[in-house]
2 protein chains.
Amino acid sequence: MDITKNIEILKIKGEDITKKKDILIREYPFTIFVNEKEIVTLLCTPKSLKNLAIGFLFSEGFIEDTSNILNIRLDEEKGLIYVDINNSNILQEKLRGKRTITSGCGKGTIFYNVIDSFKSRKIKTPLDIKINEIKELMKEFNHKSELFLQTGGVHSVALCNKNNILFFEEDIGRHNALDKIIGHSILENINLKDKIILTSGRISSEILIKVAKSNISTIISRSAPTSLAVEIANELNMTLMGFARGERMNVYSNFNIFN
Amino acid sequence: MDITKNIEILKIKGEDITKKKDILIREYPFTIFVNEKEIVTLLCTPKSLKNLAIGFLFSEGFIEDTSNILNIRLDEEKGLIYVDINNSNILQEKLRGKRTITSGCGKGTIFYNVIDSFKSRKIKTPLDIKINEIKELMKEFNHKSELFLQTGGVHSVALCNKNNILFFEEDIGRHNALDKIIGHSILENINLKDKIILTSGRISSEILIKVAKSNISTIISRSAPTSLAVEIANELNMTLMGFARGERMNVYSNFNIFN
């Protein structure tokens with residue numbers, strides 16, 4: 001299976017706006033079953049999938065070595081792998097475990113139902129924002145990312161309107177930084193419909209879905225989006241932009257705003 | 001609470017090796033309780049913690065807005081927050097959910113017990129590796145990271161001995177890339193005790209613990225480690241290096257190997 005996907009983007013460089021082919025990294029939902037029980041759905045790059053499943057099961061304590069593995073059957077087309085193991089006691093113990101809630105890091109088979117349930121949230125009118133406004137916001141955003149400059153270790157997320165950054169949060173986790181912004185908005189009863197998210201981190205499908213849940217129509221990153229994030233953005237009519245750095249930025253959905 | 005931590009590192013720049021003060025980003029375990037039930041432990045930056053808890057509970061569907069929140073009590077010293085909500089039906093539903101297993105992205109209250117259970121795994125003799133060997137390995141590692149260069153979207157992890165890269169894996173997730181390497185090693189019955197992990201991504205405590213579980217003594221990153229990762233590396237006598245780029249690298253534990 002291809003691990004990248006070719007799509008058409010709008011490439012902005014100074015005053016120049018052109019449609020170009022671009023390569024995105026594919027984000028692939030991959031569900032692991034152990035002795036026919038569904039264990040987890042990882043969001044991953046579709047390559048070395050048996051290695052991923054076995055490494056995951058080792059890291060999570062399901063197996064200790066190859067002697068525990070009875071059979072492996074991979075269905076790459078459907079994104080499923082069935083692993084049979086001989087230590088079924090461990091499986092029982094894991095399934096009784098109390099760590100019941102995802103923090104949204106690539107697991108959760110409810111994932112696709114979630115997308116379905118969002119279709120009603122399709123954005124009616126994309127936010128009308130100008131390229132120069134984005135450049136100014138990203139300039140301010142970069143100035144604020146001081147903790148990253150000191151330590152090289154954190155992600156930044158900001159909530160903005162077209163003219164200003166309203167809140168700015170940092171965290172070692174991309175999800176945590178975004179959750180801090182969302183929590184801040186909830187605690188202050190901010191209406192998010194006309195707001196914009198800026199982020200330093202990659203836009204995976206889970207980040208996009210978190211933004212969609214908050215009714216925010218526009219997300220702009222300094223880094224790359226995944227293929228699945230772009231697909232969902234198109235589905236929900238959200239505006240997704242990436243590699244926003246200085247005079248350059250890529251538009252992955254809602255091209256018409258800038259044309 | 002400080003969001004960074006000052007430690008002493010060994011800074012390598014060409015032939016020059018000196019002890020220097022360095023600033024690390026703090027990694028802080030933060031446990032959220034809803035109506036007295038323990039929900040999740042996030043590994044985060046200790047700042048804006050109420051925002052984080054409320055944003056997490058919104059993203060995970062526990063609350064819809066402030067009207068659902070009855071009370072918030074933060075114990076920053078102990079890393080605990082107690083949120084009381086008025087929609088207890090949702091809490092019941094969430095606790096019955098079937099997504100029972102972490103993929104190791106900053107949750108799991110078993111976390112600290114895990115560290116305790118590792119103390120028996122303390123590395124007896126750190127791997128004796130030379131700076132020039134590391135430079136050569138990192139050079140090869142960077143050459144291999146082609147998918148990143150194309151898409152800007154993936155992390156790379158490699159398993160090496162002192163002289164060569166044995167396996168190389170890429171994924172949109174840092175954890176997935178490492179699990180692919182571990183799974184590959186298990187499927188080929190590779191003895192990991194004298195091996196080294198190279199990674200493009202940040203070294204958080206969870207990445208370090210995954211490496212420790214595999215009995216690998218040495219991990220080297222192109223990026224930064226967190227404070228908690230360095231603490232655990234010291235605890236387990238593992239060798240942790242970061243910012244390995246060209247002629248430069250930082251040593252965060254086991255200084256004596258290079259002195």
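Chain A is the first sequence line, chain B the second, and so forth, proteins listed ahead of strands; every chain is numbered from 1.
- Atoms OG and CG, on A/Ser185 and B/Asp65 in that order, are 13.0 Å from each other to the nearest 0.5 Å.
- For the atom pair NZ of B/Lys210 and CD of A/Glu60, the computed distance is 6.5 Å after rounding to the nearest 0.5 Å.
- If you measure heavy-atom distances from A/Ser214 to chain B, the contacts under 4.5 Å come from both the backbone and the side chain.
- For chain B, no part of A/Phe30 is nearby; none of its heavy atoms comes within less than 4.5 Å.
- Residue contact with chain B, scored on non-hydrogen atoms closer than 4.5 Å, is absent for A/Ser223.
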Point to revise | Pair B/Asn51-A/Ile181, side chain to side chain contact (heavy atoms under 4.5 Å, CB included): steps then yes or no | key: CA-CA 7 Å; B/Asn51 294 344; A/Ile181 288 289; over 6 Å; no
**Study point:** side chain to side chain contact (heavy atoms under 4.5 Å, CB included) assessment of B/Ile172 paired with A/Ser204
**Key:** CA-CA 9 Å; B/Ile172 49 169; A/Ser204 61; 5.7 Å; no
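- Within 6.0 Å of atom CD in A/Glu8, more than 12 heavy atoms from other residues, nucleotides or ligands are found, so the atom counts as buried in its surroundings.
- The distance from atom OG1 of B/Thr66 to atom CD1 of A/Ile186, rounded to the nearest 0.5 Å, is 8.0 Å.
- With respect to chain B, the highest number of heavy-atom pairs below 4.5 Å among A/Leu24, A/Ile23, A/Ile25 belongs to A/Ile25.
- Side-chain atoms of A/Asn176 and B/Thr45 form no donor-acceptor pair, as typed in the model, at a separation below 3.5 Å.
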**Study point:** Trace of the side chain to side chain contact (heavy atoms under 4.5 Å, CB included) decision for B/Leu187 with A/Ile72
**Key:** CA-CA 11 Å; B/Leu187 288 170; A/Ile72 304 174; 4.1 Å; yes
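- The choice from A/Ser59, A/Gly242, A/Gly173 that makes the most heavy-atom pairs within less than 4.5 Å of chain B is A/Ser59.
- Proximity of a side-chain donor or acceptor of B/Lys180 to a complementary backbone N or O of A/Lys47 within less than 3.5 Å is detected.
- For A/Asn189, the part lying near chain B is the side chain, with the backbone staying farther off; criterion is any non-hydrogen pair under 4.5 Å.
- Within 6.0 Å of the CZ atom in B/Arg245, the count of heavy atoms belonging to other residues, nucleotides or ligands exceeds 12.
- Residue A/Ile69 touches chain B through its side chain alone, counting heavy-atom pairs closer than 4.5 Å.
- Here the closest non-hydrogen pair linking A/Phe58 and B/Ile182 is CD2-CG2, 3.6 Å.
- Only the side chain of B/Phe243 has a heavy atom closer than 4.5 Å to any heavy atom of chain A.
- Taking a 6.0 Å sphere around CZ of B/Arg248, one finds it holds 12 or fewer heavy atoms contributed by other residues, nucleotides or ligands.
- Counting heavy-atom pairs closer than 4.5 Å to chain B, the top residue among A/Ala177, A/Ser48, A/Ala224, A/Ala53 is A/Ser48.
- Interface remark: A/Glu188 contributes no atoms to any contact with chain B (heavy atom separation under 4.5 Å).
- Atom CG of A/Asp171 sits about 9.5 Å away from atom CD of B/Glu27, to the nearest 0.5 Å.
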